[in-house]
Amino acid sequence: MREQYEMGDTSRQKSGLYTGLPSSELLPFRLISFGDYLCDSQYYTEREGQGNFLFLGTISGCGELRYRGRRTLLQPGRAAVIDCYRYQYYATWGEKPWRFVWMHFSGAAAAAFVQMLNGEGLREAALDPRWAEDFFPRLEEYAGQPGRFTDLTVSLWIHQFLNELAQSADSRSGGRYQREMLEIAAYLRENLDKPLRVADLAARCGLSEFHFLRVFKSAVGQPPYEYLTLLRMNQAKQLLAFTEESVAEVAQQVGYSDAKALIDNFKRHTGETPAKFRRQVREQEGYLR
């Protein structure tokens, strides 16, 4: 792991930490830390090898970001989301202070979402001023009242926030069908309980099945079936951990024909049965019922 940085004047930097319950790792998104920085021209961070993800959004000034062999300048109202395991460098660009909001996060859906957002490179997105000004106060409020309900609320908030970014992602580096593929990925997330066929998905964006499969993998980073399976496993984990639904009911809600189909797929992808997974989560949190 590499990490070098120069913070410069820290008097106008605010940050916070969020501590979730152990089960929050099973949620789609989990908040780790956050901040609102106003940095002078000396500020920079250079690192790689961290096991989380980072959102950066510029409010004023300008920041330089280098990631995956790309370089971009994050102007006011522009944002990016990156995988901190990969090499990254970001710094104040120019003589004016750079004010940006940031968030480190993880979660069961984080890797897939960041891959979907960036494809094989790096894509900027628009940062809505309403989100920007509310960003630090909202997360600071959540950090002040940790617990099971807040974990769920924070995960939903991050999901909504990242969805907004994904919808505004710059498609210039993502190919002709980037927006259509993001819409298909969102459709999959919202329709896990329904029968989903490649032919129908391809028809939604006017492509042949062969062309659709190639474009989807390029934009999202995984073939449609693998992405859908990941979504279904993540949703099954949440239902098993946070509800009293039976395995058969969970199977129905995530698009499997019966309990056996879910059990077989769940074990193949996690190495354990849904019942064992549920028991371990609840033992971990000390409320086995």
Practice item. For Cys84 and His104, work out which heavy atoms get closest and say how close. Key: SG-CE1, 3.7 Å
Review point. Would you call Asp258 and Lys260 a salt bridge, taking side-chain N to carboxylate O under 4.0 Å as the test?
Key: no
Review point. Can you name the closest pair of heavy atoms from Trp98 and Ser60 and give their distance?
Key: CD1-O, 3.5 Å
**Study point:** Ionic contact status for Arg138 with Glu140, cut-off 4.0 Å
**Key:** no
Practice item. Would you mind listing the cluster partners of Leu38? Hydrophobic ones only (ILVMFWY), side-chain contacts under 4.5 Å, chaining allowed. Key: none
Exercise for review: Decide, yes or no, whether a salt bridge links Arg12 with Asp40 under the criterion of side-chain N to carboxylate O below 4.0 Å.
Suggested key: no
Check your understanding: Does a salt bridge link Arg71 with Glu64, judged by any charged N lying under 4.0 Å from a carboxylate O?
Key -> yes
Exercise for review: Under the side chain to side chain donor-acceptor pair (under 3.5 Å) rule, collect the residues that match up with Gln252, sequence neighbours excluded.
Suggested key: none
Exercise for review: Carefully, step by step, assess Tyr142 and Thr153 under the rule side-chain contact (heavy atoms from CB on, under 4.5 Å).
Suggested key: CA-CA 9 Å; Tyr142 289 147; Thr153 303; 3.7 Å; yes
Point to revise | Between Tyr18 and Asp151: side-chain donor-acceptor atoms closer than 3.5 Å | key: yes
**Study point:** side-chain contact (heavy atoms from CB on, under 4.5 Å) partner of Arg47, chosen from Tyr90, Tyr87, Tyr5
**Key:** Tyr90
Check your understanding: Just wondering, more than 12 heavy atoms not from Tyr44 lying within 6.0 Å of its OH?
Key -> yes
Kindly list each side-chain donor-acceptor pair under 3.5 angstrom involving residues 158-165, sequence neighbours excluded, with atom names and distances?
from: His159; atom 1: NE2; to: Asn163; atom 2: ND2; distance (Å): 3.4
from: Asn163; atom 1: OD1; to: Arg189; atom 2: NH2; distance (Å): 2.8
from: Asn163; atom 1: ND2; to: His159; atom 2: O; distance (Å): 3.4

Study note, to complete from the structure: Sorted by chain and residue number, the side chain to side chain donor-acceptor pair (under 3.5 Å) partners of Thr72 (sequence neighbours excluded) come out as Glu124
Revision key, fill the gap. One should read off an interatomic distance between Asp200 CG and Lys194 NZ, to the nearest 0.5 angstrom, of 13.0 Å
Point to revise | Ring centres under 6.0 angstrom apart (Tyr37, Trp102) | key: yes
Review point. How would you list, by chain and number, every residue that makes a side chain to side chain donor-acceptor pair (under 3.5 Å) with Asn234, sequence neighbours excluded?
Key: none
Review point. Is it true that the side chains of Arg30 and Ser24 contain a donor and an acceptor less than 3.5 Å apart?
Key: yes
Revision key, fill the gap. For His211, the ring pair (Phe, Tyr, Trp, His ring centres under 6.0 Å) test, sequence neighbours excluded, returns Tyr177
